[in-house]
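Please read the structure below before turning to the comments.
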Amino acid sequence: MTRFVYATATTLDGFLADADNSLDWLFAVEGGEESLSGLAEFTAGVGVLVMGSTTYQWVLDHERLLDHPEKWREFYPGMTTFVFSSRDLPVIPGADLTVVSGPVADHLPTILAAAGDKDVWVMGGGDLAGQFTDIGRLDEIMLSVAAVTLGSGAPLLPRRLESDRLRLVHVAQVGQFAELRYQLR
Ligand SMILES: NC(=O)c1ccc[n+]([C@@H]2O[C@H](COP(=O)([O-])OP(=O)(O)OC[C@H]3O[C@@H](n4cnc5c(N)ncnc54)[C@H](OP(=O)(O)O)[C@@H]3O)[C@@H](O)[C@H]2O)c1
């Protein structure tokens with residue numbers, strides 16, 4: 001059965017990116033590469049990627065994907081992508097990518113059909129992941145907590161989820177990252 005998994009790196013104080021949407025702080029943390037290879041195991045079971053427009057724009061700009069569209073298929077092979085945005089965003093040529101908007105519940109049938117028997121990777125940002133928790137459709141949160149604090153930035157999960165909804169099921173150290181997995185009820 002398809003699971004919706006919010007998998008992301010975060011700072012110790014719960015930010016996905018700094019106030020300028022930069023991830024430079026993340027790439028500076030020791031163990032980042034090992035952390036990404038753990039992610040590769042997870043992505044083998046992923047059929048669909050879901051992300052908000054800031055996250056999409058970051059990947060687009062950082063990897064210059066409009067100039068090098070082939071990189072997208074290298075990064076996310078065989079995955080269908082849904083980008084949530086109210087705007088007309090540039091679409092990477094040849095990518096299996098659709099821009100959608102409005103309540104996430106309206107798009108669940110399409111997302112589930114595209115996933116087949118694979119999982120959905122909710123990449124972020126935090127509010128989009130929160131929209132999935134709001135409708136009870138987030139099954140797991142998979143975090144790589146980097147040994148860094150930023151004080152401000154894009155929040156990990158701006159929702160109140162009390163302890164009866166979260167169960168810690170995995171803890172590991174990878175370099176200067178703490179890997180944590182929580183199942184949601
Ligand atoms: N540390 C990591 O591993 C990691 C992981 C993921 C993301 N990030 C970074 O964290 C930051 C996250 O940015 P963010 O907090 O702004 O979140 P985001 O989810 O990437 O983007 C938010 C935007 O998506 C659009 N959106 C969200 N839900 C929508 C809906 N239901 N319908 C229509 N549009 C919707 C809205 O913009 P519009 O309608 O105006 O387009 C909204 O302002 C980015 O800098 C990203 O690169 C880091």
Side-chain angles (χ1 to χ4, degrees), residues 4-43 46 48-65 71-72 75-76 79 81-92 97-111 119-138 140-159 174-182:
F4 285 70
V5 181
Y6 178 30
T8 185
T10 176
T11 68
L12 185 55
D13 55 345
F15 296 107
L16 299 176
D18 71 17
D20 300 319
N21 283 314
S22 169
L23 297 183
D24 290 350
W25 55 270
L26 176 60
F27 302 126
V29 181
E30 181 196 331
E33 283 175 24
E34 291 91 327
S35 169
L36 287 176
S37 65
L39 201 61
E41 222 169 274
F42 158 69
T43 57
V46 169
V48 167
L49 279 178
V50 171
M51 67 185 79
S53 60
T54 315
T55 301
Y56 175 62
Q57 199 71 54
W58 184 90
V59 187
L60 208 63
D61 296 343
H62 188 258
E63 300 295 339
R64 299 178 51 224
L65 288 175
K71 281 189 181 179
W72 181 264
F75 295 155
Y76 308 116
M79 297 181 204
T81 302
F82 295 93
V83 178
F84 277 84
S85 178
S86 58
R87 295 170 292 135
D88 277 334
L89 299 175
V91 174
I92 301 158
L97 189 153
T98 311
V99 179
V100 294
S101 81
V104 294
D106 292 357
H107 302 285
L108 279 184
T110 319
I111 291 171
D119 291 333
V120 175
W121 178 4
V122 179
M123 281 187 104
D127 183 71
L128 184 63
Q131 293 174 47
F132 282 91
T133 68
D134 293 344
I135 60 162
R137 277 317 304 247
L138 198 70
E140 189 169 328
I141 299 172
M142 189 186 278
L143 301 178
S144 285
V145 183
V148 51
T149 66
L150 293 174
S152 64
L156 169 64
L157 188 58
R159 292 293 188 280
V174 183
Q176 286 302 300
F177 289 83
E179 261 185 23
L180 305 174
R181 290 188 195 175
Y182 295 88

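Atoms within each ligand, like the ligands themselves, are counted from 1 in listed order.
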Whether Thr8 lies under 4.0 Å from ligand 1, heavy atom: yes
Phe27 and His62 aromatic ring geometry - parallel, tilted or perpendicular at 30°/60° bounds: parallel
Ligand-residue contact atoms, ligand 1 with Gly124, heavy atoms, under 4.0 Å: 19 (O)
CG on Leu49 to CD1 on Ile111, rounded to 0.5 Å: 11.0 Å
Verify atom 28 (N) of ligand 1: protein non-hydrogen atom under 4.0 angstrom away: yes
Nearest-neighbour protein heavy atom for atom 41 (O) of ligand 1, which is reported as residue plus atom name and distance: Ser85 OG, 2.5 Å
Could you list the donor-acceptor pairs under 3.5 angstrom formed by side chains in residues 121-132, with sequence neighbours left out?
from   : atom 1 : to     : atom 2 : distance (Å)
Trp121 : NE1    : Ala7   : O      : 2.9
Asp127 : OD1    : Arg159 : NH1    : 2.9
Asp127 : OD1    : Arg159 : NH2    : 3.2
Asp127 : OD2    : Gln131 : NE2    : 3.0

Heavy-atom proximity to atom 13 (O) of ligand 1, best of Val50, Leu89, Thr54: Thr54
Nearest option to atom 23 (C) of ligand 1, as decided by whichever heavy atom of Gly52, Ala9, Ser53 sits closest: Ser53
Backbone of Leu156 reached by a side-chain donor or acceptor of Tyr6 within 3.5 Å: yes
Enumerated ligand 1 atoms positioned under 4.0 Å from heavy atoms of Ser86: 33 (C), 34 (N), 38 (P), 39 (O), 40 (O), 41 (O)
Winner among Gly102, Gly130, Ala7 once heavy atoms are compared against atom 32 (N) of ligand 1: Gly102
Under-4.0 Å heavy-atom contact with ligand 1, by part of Met51 that carries it: neither
Selected option - heavy-atom contact closest to atom 17 (O) of ligand 1, from Gly126, Ala19, Gly125: Gly125
Contact atoms of ligand 1, heavy-atom distance to Met123 under 4.0 Å: 5 (C), 6 (C)
Distance (rounded to the nearest 0.5 Å) between Leu65 CG and Trp72 CH2: 7.0 Å
Atoms of ligand 1 close to Arg87 [distance to a heavy atom under 4.0 angstrom, numbered from 1]: 38 (P), 40 (O), 41 (O)
Heavy-atom nearest neighbour in the protein, as seen from atom 46 (C) of ligand 1, with distance rounded to 0.1 Å: Thr55 OG1, 3.5 Å
Within 6.0 angstrom of Asp88 CG, more than 12 heavy atoms from elsewhere: no
Interfacing atoms of ligand 1 (cut-off 4.0 Å, heavy-atom, Ala154): 11 (C), 12 (C), 15 (O)
Trp58 and ligand 1 - part of the residue with a heavy-atom distance under 4.0 Å: side chain
Per-atom contacts of ligand 1 with Asn21, taking only distances under 4.0 Å to non-hydrogen atoms: 11 (C), 44 (C), 45 (O)
Those atoms of ligand 1 less than 4.0 Å from some heavy atom in Ala17: 9 (C), 10 (O), 11 (C), 45 (O)
Residue and atom name of the nearest protein heavy atom (relative to atom 48 (C) of ligand 1), distance in Å to one decimal: Leu16 O, 3.3 Å
Spatial distance of atom CD1 (Ile141) from atom CZ (Arg181) [nearest 0.5 Å]: 13.0 Å
Atom pair CG (Asp18) and CG (Leu23), whose distance is rounded to the nearest 0.5 Å: 8.0 Å
Atom pair OH (Tyr56) and CG (Asp61), whose distance is rounded to the nearest 0.5 Å: 10.0 Å
Inter-residue atom distance Met51.CE - Trp58.CH2, 0.5 Å rounding: 11.0 Å
Which residue and heavy atom of the protein sit nearest atom 26 (N) of ligand 1, plus the separation: Phe84 O, 3.6 Å
Closest non-hydrogen atom pair between Arg87 and Ser53, with its separation: NH2-OG, 3.1 Å
Nearest heavy atoms of Gly151 and Asp13, plus distance in Å: N-OD2, 2.7 Å
